[in-house]
Amino acid sequence: MKFSNAKGTRDFPPETLVKRKYILNIIESVFKKFGFMPLETPALEQLETLTGKYGNEGDKLLFKVINSGDFAAKVDDETWKNKQSEKILRFICEKGLRYDLTVPLARFVASNRNEIVFPFKRYQMQPVWRADRPQRGRYREFWQCDIDTLGTNCLMNEAEIISMAVEIFKTLNLNVTIFINNRKILEAIAEKYQILSEFTRFTNIIDKLDKNDFESLKLDFESLGLSNQQIEELKKILKKYTFDTNGINQLKDIFLTNPKAIAGCNEFYEIYSYLEKSELNEKAVMIDLSLARGLDYYTGCIFEIKSNEETIGSIAGGGRYDNLTEVFGLKDVSGVGVSFGIDRIYDIMEKLKLLNHIRTSDVKVLLCHFDKNGQIYNFQKAAELRNNGISAEVYPDIKKINKQFEYAEKKEIDFVIITGEEEINTGVLTLKNLKHRTQEKLSFENVIERLNF
RNA sequence: GUGAUUGUAGCUCAGUUGGUUAGAGCGCUUGAUUGUGGUUCAAGAAGUCGCGGGUUCGAGUCCCGUCUUUCACCCCA
(Lines give C-alpha, C1' and ligand atoms only; values in the text may rest on other atoms or scores of the structure.)
Protein backbone atom coordinates (compact mmCIF):
# COMPACT_ATOMS: atom_id res chain seq x y z
CA MET A 1 0.00 0.00 0.00
CA LYS A 2 1.75 3.11 -1.17
CA PHE A 3 -0.34 5.61 0.72
CA SER A 4 -0.84 4.75 4.33
CA ASN A 5 -2.58 6.90 6.90
CA ALA A 6 -0.52 9.24 9.01
CA LYS A 7 0.58 7.51 12.19
CA GLY A 8 -2.18 7.04 14.70
CA THR A 9 -4.96 8.30 12.42
CA ARG A 10 -7.73 6.21 10.91
CA ASP A 11 -10.36 6.22 8.23
CA PHE A 12 -13.86 5.38 9.33
CA PRO A 13 -15.61 3.29 6.68
CA PRO A 14 -19.44 3.42 6.56
CA GLU A 15 -20.04 0.32 8.69
CA THR A 16 -17.74 1.67 11.40
CA LEU A 17 -19.12 5.16 11.27
CA VAL A 18 -22.70 3.98 11.63
CA LYS A 19 -21.71 2.32 14.90
CA ARG A 20 -19.72 5.31 16.09
CA LYS A 21 -22.66 7.57 15.44
CA TYR A 22 -24.90 5.26 17.40
CA ILE A 23 -22.66 5.79 20.43
CA LEU A 24 -22.29 9.51 19.78
CA ASN A 25 -26.06 9.91 19.51
CA ILE A 26 -26.64 8.25 22.86
CA ILE A 27 -24.06 10.42 24.54
CA GLU A 28 -25.38 13.57 22.90
CA SER A 29 -28.98 12.84 23.76
CA VAL A 30 -28.10 12.41 27.44
CA PHE A 31 -26.10 15.65 27.38
CA LYS A 32 -29.09 17.46 25.93
CA LYS A 33 -31.45 15.90 28.41
CA PHE A 34 -29.47 17.49 31.22
CA GLY A 35 -29.66 20.92 29.62
CA PHE A 36 -26.26 21.25 28.00
CA MET A 37 -25.88 23.25 24.79
CA PRO A 38 -23.51 22.49 21.92
CA LEU A 39 -20.28 24.33 21.23
CA GLU A 40 -17.60 23.86 18.60
CA THR A 41 -14.18 25.47 18.53
CA PRO A 42 -11.46 25.39 15.85
CA ALA A 43 -9.04 22.52 15.47
CA LEU A 44 -6.28 25.10 15.41
CA GLU A 45 -5.46 27.28 18.40
CA GLN A 46 -2.77 29.84 19.04
CA LEU A 47 0.14 27.90 20.44
CA GLU A 48 0.28 30.11 23.51
CA THR A 49 -3.33 29.19 24.31
CA LEU A 50 -2.29 25.56 24.56
CA THR A 51 1.19 25.56 26.05
CA GLY A 52 1.65 25.35 29.78
CA LYS A 53 -1.79 23.93 30.52
CA TYR A 54 -1.05 20.24 30.44
CA GLY A 55 2.26 19.96 32.25
CA ASN A 56 5.66 19.27 30.74
CA GLU A 57 4.68 15.95 29.19
CA GLY A 58 1.57 17.51 27.70
CA ASP A 59 3.52 20.26 25.99
CA LYS A 60 5.69 17.65 24.32
CA LEU A 61 2.63 15.96 22.88
CA LEU A 62 1.26 19.11 21.26
CA PHE A 63 1.12 19.05 17.48
CA LYS A 64 2.59 22.29 16.25
CA VAL A 65 1.66 23.74 12.91
CA ILE A 66 4.35 25.42 10.91
CA ASN A 67 3.74 28.96 9.67
CA SER A 68 2.81 29.40 6.07
CA GLY A 69 5.09 31.42 3.82
CA ASP A 70 8.83 31.58 3.96
CA PHE A 71 9.12 30.64 7.61
CA ALA A 72 12.81 29.80 7.51
CA ALA A 73 13.76 33.31 6.42
CA LYS A 74 12.47 34.70 9.70
CA VAL A 75 14.89 32.72 11.82
CA ASP A 76 18.14 34.54 12.47
CA ASP A 77 21.32 32.79 11.38
CA GLU A 78 22.60 32.32 14.90
CA THR A 79 19.53 30.42 16.13
CA TRP A 80 19.32 28.39 12.93
CA LYS A 81 22.95 27.30 13.13
CA ASN A 82 22.70 26.26 16.76
CA LYS A 83 19.91 23.84 15.85
CA GLN A 84 18.02 24.48 19.04
CA SER A 85 14.56 23.22 18.14
CA GLU A 86 12.82 24.99 21.01
CA LYS A 87 14.18 28.38 20.03
CA ILE A 88 13.57 27.90 16.32
CA LEU A 89 10.01 26.87 17.08
CA ARG A 90 9.19 30.29 18.44
CA PHE A 91 10.02 31.77 15.06
CA ILE A 92 8.43 29.27 12.75
CA CYS A 93 5.15 28.26 14.35
CA GLU A 94 2.48 30.06 16.24
CA LYS A 95 -0.41 27.61 15.96
CA GLY A 96 -1.11 24.12 17.22
CA LEU A 97 -3.79 21.44 17.09
CA ARG A 98 -5.98 21.33 20.20
CA TYR A 99 -4.97 18.78 22.81
CA ASP A 100 -8.33 18.62 24.56
CA LEU A 101 -11.62 20.49 24.60
CA THR A 102 -11.42 21.99 28.07
CA VAL A 103 -8.71 24.56 27.45
CA PRO A 104 -10.37 25.88 24.26
CA LEU A 105 -13.57 26.10 26.29
CA ALA A 106 -11.85 28.19 28.95
CA ARG A 107 -10.50 30.46 26.22
CA PHE A 108 -13.97 30.77 24.71
CA VAL A 109 -15.65 31.52 28.02
CA ALA A 110 -13.06 34.09 29.00
CA SER A 111 -13.35 35.99 25.75
CA ASN A 112 -17.14 35.79 25.52
CA ARG A 113 -17.86 36.42 29.20
CA ASN A 114 -20.36 39.17 28.48
CA GLU A 115 -22.51 37.22 26.06
CA ILE A 116 -22.57 33.96 27.98
CA VAL A 117 -25.38 32.92 30.31
CA PHE A 118 -23.85 31.69 33.55
CA PRO A 119 -23.76 29.02 34.81
CA PHE A 120 -22.58 28.03 31.35
CA LYS A 121 -23.41 24.45 30.46
CA ARG A 122 -21.96 23.25 27.20
CA TYR A 123 -21.20 19.97 25.48
CA GLN A 124 -18.66 19.52 22.74
CA MET A 125 -17.88 16.48 20.61
CA GLN A 126 -14.86 16.98 18.37
CA PRO A 127 -11.51 15.43 17.52
CA VAL A 128 -8.36 16.29 19.45
CA TRP A 129 -4.74 15.49 18.62
CA ARG A 130 -1.81 14.24 20.64
CA ALA A 131 1.64 13.37 19.28
CA ASP A 132 1.79 10.18 21.32
CA ARG A 133 3.08 6.78 20.22
CA PRO A 134 -0.03 4.92 19.20
CA GLN A 135 -1.07 1.60 20.70
CA ARG A 136 -4.32 -0.17 21.41
CA GLY A 137 -6.92 2.37 22.49
CA ARG A 138 -4.48 5.19 21.96
CA TYR A 139 -4.59 7.26 18.81
CA ARG A 140 -3.03 10.49 17.65
CA GLU A 141 -6.39 11.73 16.46
CA PHE A 142 -9.34 10.84 18.63
CA TRP A 143 -12.67 12.26 19.68
CA GLN A 144 -13.64 13.59 23.03
CA CYS A 145 -17.18 14.15 24.17
CA ASP A 146 -17.05 16.83 26.82
CA ILE A 147 -19.55 18.37 29.13
CA ASP A 148 -18.62 21.22 31.41
CA THR A 149 -20.41 23.63 33.68
CA LEU A 150 -18.67 26.93 34.36
CA GLY A 151 -19.49 29.73 36.74
CA THR A 152 -20.78 27.73 39.67
CA ASN A 153 -19.11 26.15 42.69
CA CYS A 154 -22.13 24.09 43.48
CA LEU A 155 -21.29 20.44 44.00
CA MET A 156 -24.60 19.40 42.54
CA ASN A 157 -22.76 19.66 39.22
CA GLU A 158 -20.34 16.95 40.29
CA ALA A 159 -23.31 14.79 41.24
CA GLU A 160 -24.92 15.56 37.92
CA ILE A 161 -21.83 14.40 36.07
CA ILE A 162 -21.98 11.09 37.90
CA SER A 163 -25.68 10.70 37.06
CA MET A 164 -25.02 11.42 33.41
CA ALA A 165 -22.16 8.94 33.23
CA VAL A 166 -24.31 6.28 34.85
CA GLU A 167 -27.11 6.90 32.39
CA ILE A 168 -24.82 6.90 29.36
CA PHE A 169 -23.12 3.62 30.20
CA LYS A 170 -26.36 2.02 31.24
CA THR A 171 -27.85 2.89 27.86
CA LEU A 172 -24.74 1.60 26.09
CA ASN A 173 -24.91 -1.61 28.11
CA LEU A 174 -21.39 -1.24 29.43
CA ASN A 175 -20.34 -2.22 32.93
CA VAL A 176 -18.14 0.51 34.32
CA THR A 177 -16.87 1.86 37.59
CA ILE A 178 -16.67 5.57 38.24
CA PHE A 179 -13.65 6.33 40.37
CA ILE A 180 -13.56 9.62 42.20
CA ASN A 181 -10.98 11.40 44.27
CA ASN A 182 -10.27 14.91 45.45
CA ARG A 183 -7.13 16.86 44.85
CA LYS A 184 -7.62 18.58 48.18
CA ILE A 185 -7.17 15.28 49.95
CA LEU A 186 -4.07 14.51 47.91
CA GLU A 187 -2.71 17.94 48.83
CA ALA A 188 -3.46 17.23 52.45
CA ILE A 189 -1.38 14.07 52.24
CA ALA A 190 1.46 15.93 50.58
CA GLU A 191 1.21 18.61 53.27
CA LYS A 192 1.29 16.03 56.01
CA TYR A 193 4.56 14.64 54.67
CA GLN A 194 5.89 18.07 53.75
CA ILE A 195 6.32 17.26 50.08
CA LEU A 196 3.90 19.84 48.72
CA SER A 197 6.68 21.34 46.60
CA GLU A 198 6.95 17.96 44.85
CA PHE A 199 3.19 17.64 44.45
CA THR A 200 3.16 16.86 40.72
CA ARG A 201 5.81 14.19 41.09
CA PHE A 202 3.93 12.77 44.05
CA THR A 203 0.67 12.51 42.11
CA ASN A 204 2.51 10.97 39.17
CA ILE A 205 3.78 8.20 41.38
CA ILE A 206 0.51 7.40 43.08
CA ASP A 207 -1.25 7.43 39.71
CA LYS A 208 0.85 4.40 38.80
CA LEU A 209 -0.70 2.37 41.57
CA ASP A 210 -3.42 1.02 39.32
CA LYS A 211 -0.85 -0.73 37.13
CA ASN A 212 1.89 -1.46 39.64
CA ASP A 213 1.72 -2.91 43.10
CA PHE A 214 2.73 -0.76 46.00
CA GLU A 215 6.01 -2.55 46.69
CA SER A 216 7.42 -1.82 43.25
CA LEU A 217 6.87 1.89 43.80
CA LYS A 218 8.62 2.05 47.15
CA LEU A 219 11.80 3.42 45.61
CA ASP A 220 9.84 6.19 43.95
CA PHE A 221 8.29 7.20 47.25
CA GLU A 222 11.69 7.09 48.92
CA SER A 223 13.02 9.46 46.29
CA LEU A 224 10.48 12.00 47.52
CA GLY A 225 12.14 11.86 50.91
CA LEU A 226 9.54 9.75 52.67
CA SER A 227 10.62 7.52 55.54
CA ASN A 228 9.81 3.83 55.65
CA GLN A 229 7.24 4.45 58.32
CA GLN A 230 5.55 7.11 56.21
CA ILE A 231 5.54 4.81 53.21
CA GLU A 232 3.88 2.07 55.24
CA GLU A 233 1.33 4.59 56.38
CA LEU A 234 0.68 5.65 52.79
CA LYS A 235 0.19 2.05 51.79
CA LYS A 236 -2.66 1.76 54.25
CA ILE A 237 -4.30 5.00 53.16
CA LEU A 238 -4.03 4.89 49.36
CA LYS A 239 -6.80 2.48 48.60
CA LYS A 240 -10.41 2.37 47.56
CA TYR A 241 -13.29 3.41 49.81
CA THR A 242 -16.96 2.94 49.25
CA PHE A 243 -18.79 6.04 48.11
CA ASP A 244 -21.24 6.26 50.98
CA THR A 245 -21.35 7.75 54.48
CA ASN A 246 -19.42 4.81 55.81
CA GLY A 247 -16.56 5.11 53.36
CA ILE A 248 -16.29 8.86 53.71
CA ASN A 249 -16.29 8.55 57.50
CA GLN A 250 -13.35 6.18 57.25
CA LEU A 251 -11.53 8.73 55.18
CA LYS A 252 -12.28 11.55 57.55
CA ASP A 253 -10.94 9.55 60.47
CA ILE A 254 -7.56 9.41 58.79
CA PHE A 255 -7.16 13.16 58.51
CA LEU A 256 -8.87 14.43 61.63
CA THR A 257 -7.20 17.82 61.72
CA ASN A 258 -6.06 18.79 58.26
CA PRO A 259 -8.39 21.52 56.93
CA LYS A 260 -7.81 20.65 53.27
CA ALA A 261 -8.63 17.03 53.83
CA ILE A 262 -11.73 17.94 55.79
CA ALA A 263 -12.82 20.21 52.96
CA GLY A 264 -12.30 17.35 50.52
CA CYS A 265 -14.28 14.93 52.66
CA ASN A 266 -17.09 17.43 53.09
CA GLU A 267 -17.27 17.73 49.33
CA PHE A 268 -17.71 13.98 49.12
CA TYR A 269 -20.49 14.13 51.74
CA GLU A 270 -22.27 16.83 49.78
CA ILE A 271 -21.96 15.09 46.42
CA TYR A 272 -23.17 11.92 48.02
CA SER A 273 -26.16 13.70 49.53
CA TYR A 274 -27.47 14.37 46.02
CA LEU A 275 -26.94 10.82 44.87
CA GLU A 276 -27.92 8.98 48.02
CA LYS A 277 -31.48 8.45 46.94
CA SER A 278 -30.87 7.75 43.27
CA GLU A 279 -30.66 4.22 42.01
CA LEU A 280 -26.90 3.93 41.97
CA ASN A 281 -25.72 0.49 42.75
CA GLU A 282 -23.02 0.39 45.40
CA LYS A 283 -20.22 -0.54 43.12
CA ALA A 284 -20.94 2.02 40.41
CA VAL A 285 -18.95 4.71 42.20
CA MET A 286 -15.81 4.20 44.27
CA ILE A 287 -13.55 6.61 46.06
CA ASP A 288 -10.00 5.84 44.98
CA LEU A 289 -7.25 7.76 46.73
CA SER A 290 -4.69 6.46 44.25
CA LEU A 291 -6.43 8.30 41.42
CA ALA A 292 -4.47 11.45 40.65
CA ARG A 293 -4.77 12.47 36.97
CA GLY A 294 -1.96 14.16 35.17
CA LEU A 295 -3.54 17.36 33.96
CA ASP A 296 -2.32 20.23 36.07
CA TYR A 297 -5.44 22.33 36.20
CA TYR A 298 -7.64 20.21 38.46
CA THR A 299 -8.23 21.59 41.95
CA GLY A 300 -11.10 19.64 43.51
CA CYS A 301 -13.00 16.51 42.75
CA ILE A 302 -11.53 14.33 39.97
CA PHE A 303 -13.17 11.50 38.03
CA GLU A 304 -12.07 8.57 35.99
CA ILE A 305 -14.26 5.86 34.49
CA LYS A 306 -13.07 2.40 33.57
CA SER A 307 -14.65 -0.61 31.96
CA ASN A 308 -15.12 -3.55 34.30
CA GLU A 309 -14.54 -5.97 31.43
CA GLU A 310 -11.69 -4.55 29.36
CA THR A 311 -8.43 -2.97 30.45
CA ILE A 312 -7.82 -0.24 27.97
CA GLY A 313 -7.13 2.61 30.38
CA SER A 314 -9.83 5.04 31.28
CA ILE A 315 -12.77 5.70 28.99
CA ALA A 316 -13.69 8.99 30.60
CA GLY A 317 -11.99 11.47 32.86
CA GLY A 318 -12.48 14.90 34.30
CA GLY A 319 -12.74 17.02 37.37
CA ARG A 320 -13.14 20.45 38.90
CA TYR A 321 -10.85 23.31 37.94
CA ASP A 322 -11.05 26.58 39.86
CA ASN A 323 -8.51 28.69 38.03
CA LEU A 324 -8.43 27.62 34.40
CA THR A 325 -10.16 30.69 32.99
CA GLU A 326 -7.88 32.89 35.05
CA VAL A 327 -4.96 32.32 32.69
CA PHE A 328 -7.20 33.78 29.97
CA GLY A 329 -7.99 36.80 32.11
CA LEU A 330 -11.23 35.74 33.77
CA LYS A 331 -11.03 35.29 37.51
CA ASP A 332 -13.31 33.49 39.93
CA VAL A 333 -15.05 31.26 37.43
CA SER A 334 -14.90 27.70 38.59
CA GLY A 335 -15.76 24.86 36.28
CA VAL A 336 -16.29 21.15 36.40
CA GLY A 337 -16.53 18.69 33.56
CA VAL A 338 -15.83 15.29 32.19
CA SER A 339 -14.70 13.94 28.87
CA PHE A 340 -15.86 10.67 27.32
CA GLY A 341 -13.43 8.93 24.98
CA ILE A 342 -15.57 7.62 22.19
CA ASP A 343 -12.74 5.73 20.48
CA ARG A 344 -12.04 3.61 23.53
CA ILE A 345 -15.74 3.13 24.21
CA TYR A 346 -16.09 1.95 20.62
CA ASP A 347 -13.12 -0.43 20.89
CA ILE A 348 -14.51 -2.01 24.04
CA MET A 349 -18.03 -2.33 22.68
CA GLU A 350 -16.77 -3.83 19.44
CA LYS A 351 -14.71 -6.37 21.38
CA LEU A 352 -17.66 -7.27 23.59
CA LYS A 353 -19.84 -7.57 20.46
CA LEU A 354 -22.21 -4.94 21.76
CA LEU A 355 -22.42 -3.23 18.38
CA ASN A 356 -23.42 -6.19 16.25
CA HIS A 357 -27.10 -5.30 16.39
CA ILE A 358 -26.56 -1.93 14.75
CA ARG A 359 -27.92 -1.99 11.21
CA THR A 360 -25.67 -0.56 8.57
CA SER A 361 -28.50 0.84 6.49
CA ASP A 362 -31.77 2.54 7.31
CA VAL A 363 -33.15 1.66 3.90
CA LYS A 364 -36.33 -0.39 4.14
CA VAL A 365 -36.60 -1.60 0.59
CA LEU A 366 -34.49 -2.00 -2.53
CA LEU A 367 -36.27 -1.67 -5.87
CA CYS A 368 -35.01 -4.21 -8.40
CA HIS A 369 -35.64 -4.43 -12.12
CA PHE A 370 -34.85 -6.43 -15.25
CA ASP A 371 -34.39 -3.69 -17.78
CA LYS A 372 -34.32 0.04 -18.42
CA ASN A 373 -38.10 0.36 -18.35
CA GLY A 374 -38.23 -1.27 -14.96
CA GLN A 375 -35.51 0.97 -13.62
CA ILE A 376 -37.29 4.11 -14.78
CA TYR A 377 -40.56 2.86 -13.31
CA ASN A 378 -38.74 2.09 -10.03
CA PHE A 379 -37.20 5.55 -9.95
CA GLN A 380 -40.71 6.99 -9.83
CA LYS A 381 -42.05 4.40 -7.39
CA ALA A 382 -39.12 5.04 -5.04
CA ALA A 383 -39.96 8.73 -4.99
CA GLU A 384 -43.55 7.88 -4.06
CA LEU A 385 -42.38 5.55 -1.31
CA ARG A 386 -40.10 8.22 0.13
CA ASN A 387 -42.95 10.71 0.04
CA ASN A 388 -44.79 8.25 2.25
CA GLY A 389 -41.95 8.14 4.74
CA ILE A 390 -40.28 4.98 3.55
CA SER A 391 -36.57 5.08 2.83
CA ALA A 392 -36.03 3.34 -0.48
CA GLU A 393 -33.16 2.74 -2.84
CA VAL A 394 -33.25 1.79 -6.51
CA TYR A 395 -30.55 -0.61 -7.66
CA PRO A 396 -28.25 1.74 -9.52
CA ASP A 397 -27.43 -0.49 -12.47
CA ILE A 398 -29.03 -3.00 -14.80
CA LYS A 399 -27.74 -6.38 -13.74
CA LYS A 400 -28.91 -9.87 -13.03
CA ILE A 401 -31.57 -10.09 -10.38
CA ASN A 402 -29.48 -12.26 -8.06
CA LYS A 403 -26.76 -9.55 -8.01
CA GLN A 404 -29.40 -7.11 -6.93
CA PHE A 405 -30.55 -9.43 -4.15
CA GLU A 406 -26.98 -9.87 -2.95
CA TYR A 407 -26.53 -6.13 -2.88
CA ALA A 408 -29.64 -5.79 -0.72
CA GLU A 409 -28.41 -8.47 1.60
CA LYS A 410 -24.99 -6.91 2.03
CA LYS A 411 -26.58 -3.61 2.90
CA GLU A 412 -28.92 -5.32 5.33
CA ILE A 413 -32.03 -4.33 3.41
CA ASP A 414 -34.68 -6.92 4.19
CA PHE A 415 -37.18 -6.18 1.43
CA VAL A 416 -36.99 -5.89 -2.33
CA ILE A 417 -39.59 -4.81 -4.84
CA ILE A 418 -39.25 -6.64 -8.13
CA THR A 419 -40.40 -4.74 -11.18
CA GLY A 420 -40.87 -6.31 -14.59
CA GLU A 421 -43.20 -5.97 -17.51
CA GLU A 422 -46.06 -7.59 -15.67
CA GLU A 423 -45.87 -5.24 -12.69
CA ILE A 424 -45.63 -2.17 -14.91
CA ASN A 425 -48.71 -3.24 -16.87
CA THR A 426 -50.89 -4.14 -13.90
CA GLY A 427 -49.65 -1.54 -11.40
CA VAL A 428 -49.34 -4.22 -8.75
CA LEU A 429 -46.05 -4.37 -6.82
CA THR A 430 -44.15 -7.56 -6.09
CA LEU A 431 -42.69 -7.36 -2.57
CA LYS A 432 -40.22 -9.98 -1.44
CA ASN A 433 -38.91 -10.55 2.05
CA LEU A 434 -35.33 -11.72 1.54
CA LYS A 435 -34.98 -13.10 5.05
CA HIS A 436 -38.09 -15.26 5.00
CA ARG A 437 -37.89 -15.86 1.25
CA THR A 438 -41.55 -15.04 0.92
CA GLN A 439 -43.12 -12.92 -1.76
CA GLU A 440 -46.49 -11.35 -2.40
CA LYS A 441 -48.25 -9.11 -4.86
CA LEU A 442 -49.60 -5.97 -3.25
CA SER A 443 -51.07 -2.60 -4.06
CA PHE A 444 -48.94 0.47 -3.39
CA GLU A 445 -50.92 1.24 -0.23
CA ASN A 446 -50.48 -2.29 1.08
CA VAL A 447 -46.74 -2.11 0.47
CA ILE A 448 -46.54 1.04 2.56
CA GLU A 449 -48.51 -0.66 5.29
CA ARG A 450 -46.22 -3.69 5.17
CA LEU A 451 -43.05 -1.59 5.37
CA ASN A 452 -44.35 0.83 8.00
CA PHE A 453 -44.00 -1.29 11.06
C1' G B 1 10.54 11.00 23.43
C1' U B 2 13.11 5.57 24.88
C1' G B 3 13.20 0.24 23.69
C1' A B 4 11.06 -3.72 20.93
C1' U B 5 7.71 -5.47 16.92
C1' U B 6 4.82 -5.92 12.15
C1' G B 7 4.14 -5.42 6.65
C1' U B 8 3.44 -11.09 0.78
C1' A B 9 -3.70 -10.87 -3.76
C1' G B 10 -9.63 -7.19 -1.39
C1' C B 11 -9.24 -10.29 3.68
C1' U B 12 -6.58 -14.23 6.77
C1' C B 13 -2.04 -16.26 6.09
C1' A B 14 2.01 -20.11 3.75
C1' G B 15 6.72 -19.21 1.27
C1' U B 16 12.82 -24.20 3.37
C1' U B 17 20.25 -22.69 4.43
C1' G B 18 19.20 -16.53 -0.72
C1' G B 19 17.97 -20.13 -6.50
C1' U B 20 13.74 -20.52 -12.48
C1' U B 21 7.38 -18.33 -13.67
C1' A B 22 5.64 -16.18 -5.40
C1' G B 23 1.15 -20.03 -3.39
C1' A B 24 -3.56 -21.53 -0.36
C1' G B 25 -8.38 -20.58 1.83
C1' C B 26 -12.14 -16.99 1.85
C1' G B 27 -13.92 -13.10 -1.20
C1' C B 28 -14.45 -11.18 -6.37
C1' U B 29 -15.79 -11.82 -11.96
C1' U B 30 -18.06 -15.08 -15.62
C1' G B 31 -20.85 -19.39 -16.88
C1' A B 32 -24.14 -23.87 -15.83
C1' U B 33 -29.28 -20.57 -14.53
C1' U B 34 -32.46 -14.76 -20.40
C1' G B 35 -38.25 -13.17 -13.96
C1' U B 36 -36.13 -15.00 -8.22
C1' G B 37 -30.17 -15.12 -4.86
C1' G B 38 -27.57 -17.59 -0.42
C1' U B 39 -26.02 -24.75 -1.99
C1' U B 40 -23.14 -27.17 -5.80
C1' C B 41 -19.94 -27.43 -10.08
C1' A B 42 -16.65 -25.27 -13.91
C1' A B 43 -13.57 -21.43 -15.60
C1' G B 44 -11.15 -16.69 -14.75
C1' A B 45 -9.01 -12.01 -12.95
C1' A B 46 -6.11 -10.51 -9.51
C1' G B 47 0.61 -9.12 -6.23
C1' U B 48 5.46 -2.32 -7.89
C1' C B 49 6.37 -9.04 -1.89
C1' G B 50 5.12 -1.32 2.41
C1' C B 51 8.72 2.28 0.06
C1' G B 52 13.99 3.67 -1.13
C1' G B 53 18.92 2.17 -1.26
C1' G B 54 22.85 -1.66 -0.62
C1' U B 55 25.32 -6.76 -0.69
C1' U B 56 25.08 -10.77 -4.46
C1' C B 57 25.79 -14.11 -10.69
C1' G B 58 20.85 -14.09 -8.26
C1' A B 59 16.89 -10.94 -2.76
C1' G B 60 9.96 -11.94 -0.64
C1' U B 61 14.32 -14.12 2.16
C1' C B 62 20.56 -10.80 4.14
C1' C B 63 22.17 -5.34 5.50
C1' C B 64 20.94 0.11 6.04
C1' G B 65 17.34 3.95 5.91
C1' U B 66 12.20 5.30 5.89
C1' C B 67 6.77 4.80 6.43
C1' U B 68 3.02 2.00 8.87
C1' U B 69 1.13 -1.70 12.75
C1' U B 70 1.30 -3.74 17.48
C1' C B 71 3.58 -3.77 22.47
C1' A B 72 6.22 -2.03 26.99
C1' C B 73 7.83 2.64 29.14
C1' C B 74 6.46 8.01 29.51
C1' C B 75 1.81 9.86 29.70
C1' C B 76 -3.29 9.70 28.74
C1' A B 77 -9.50 9.40 26.36
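The figures that follow rest on heavy atoms only: side chains count, while hydrogens, waters and symmetry mates do not. Reminder, nothing fancy here: chain letters follow the sequence lines and each chain counts from 1.
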| Between the side chains of A:Y407 and A:D397, does any donor sit under 3.5 Å from an acceptor? | no
| note | Side-chain atoms of A:R138 come closest, of B:G35, B:G37, B:C76, to B:C76
| task | Check every atom of B:C73, B:G37, B:U29 against the side chain of A:K211 and return the nucleotide holding the closest atom. | result | B:C73
| said: Heavy atoms from C-beta onward define the side chain here; which of B:C75, B:A72, B:G35 lies closest to that of A:E57? | reply: B:C75
| query | If only side-chain N and O atoms of A:K410 are considered, is one of them under 4.0 Å from the OP1 or OP2 phosphate oxygen of B:C28? | reply | yes
| A:R133 has a side chain; which of B:C74, B:U36, B:A72 sits nearest to it? | B:A72
| message | Once you apply a heavy-atom cut-off of 4.0 Å, does A:G8 come out as touching a base, just sugar-phosphate, or nothing? | response | sugar-phosphate
| task | Write down the distance separating the C1' atoms in B:U30 and B:U66, rounded off to the nearest Å. | result | 42 Å
| remark: Any stem touching RNA chain B, meaning at least three consecutive Watson-Crick or G-U pairs under 3.5 Å, ordered by first number, would be B:1-4 with B:70-73, B:10-13 with B:23-26, B:28-32 with B:40-44, B:50-54 with B:62-66
| request: Sticking with atom P, work out how far B:A72 lies from B:A24, rounded to a whole angstrom. | output: 37 Å
| task | Would you classify A:L434 as touching base, sugar-phosphate or nothing, given that sugar-phosphate means primed atoms plus P, OP1 and OP2, and contacts are heavy atoms under 4.0 Å? | result | base
| task | Consider the side chain of A:K400, meaning its heavy atoms from C-beta on, and name the nucleotide among B:U29, B:U36, B:U34 that approaches it most closely. | result | B:U34
| field | Between B:U48 and B:G1 - C1' atom distance, rounded Å | value | 34 Å
| query | What distance, rounded to whole Å, do you find between the two C1' atoms, one in B:C71 and one in B:C26? | reply | 29 Å
| note | Closest non-hydrogen contact found for A:L238 with A:L289 is CD2-O, 3.7 Å
| query | For atom C1', what is the distance between B:U69 and B:U6, given to the nearest Å? | reply | 6 Å
| Distance between the C1' atoms of B:C11 and B:C28, in whole angstroms? | 11 Å
| request: Only pairs at least two apart or in different chains count here, so list each salt bridge (charged side-chain N to carboxylate O under 4.0 Å, His left out) that has a residue in residues 443-453 of chain A. | output: A:E440-A:R450
| task | Give one of base, sugar-phosphate or nothing for A:G58, where a contact means two heavy atoms less than 4.0 Å apart. | result | nothing
| Looking only at heavy atoms, what is the nearest atom pair of A:R98 and A:P42, with distance? | NH1-O, 2.8 Å
| request: Considering only atom P, compute the distance from B:U61 to B:G25 and round it to an integer number of Å. | output: 26 Å
| task | Could you verify whether a donor N or O on one side chain and an acceptor N or O on the other, from A:Q46 and A:E48, lie under 3.5 Å apart? | result | no
| message | So A:K7, base contact, sugar-phosphate only, or nothing? Heavy-atom distance under 4.0 Å. | response | sugar-phosphate
| remark: Quick note, A:Q144 side chain, CB onward, closest among B:A77, B:G37, B:C75 is B:A77
| message | Considering only residues two or more places apart or on different chains, which pairs with a residue in residues 160-174 of chain A satisfy side chain to side chain donor-acceptor pair (under 3.5 Å)? | response | A:K33-A:E167
| When rounded to the nearest Å, what value does the distance between P atoms of B:G31 and B:G23 take? | 28 Å
| Going by distance alone, is a donor N or O of one side chain under 3.5 Å from an acceptor N or O of the other, for A:T438 and A:N433? | no
| query | If you check every side-chain atom of A:Q135, which of B:C74, B:U36, B:G37 has the closest atom? | reply | B:C74
| note | Closest to the side chain of A:E423, out of B:G1, B:U36, B:G35, is B:G35
| Would you call A:D210 and A:K306 a salt bridge, using N to O less than 4.0 angstrom? | yes
| query | Picking from B:G3, B:U36, B:C75, which would you name as closest to the side chain of A:N204? | reply | B:C75
| field | A:S4 side-chain proximity, nearest of B:G1, B:C67, B:G35 | value | B:C67
| Aromatic ring of A:F142 stacked on base six-ring of B:A77, 5.5 Å, 30° | yes
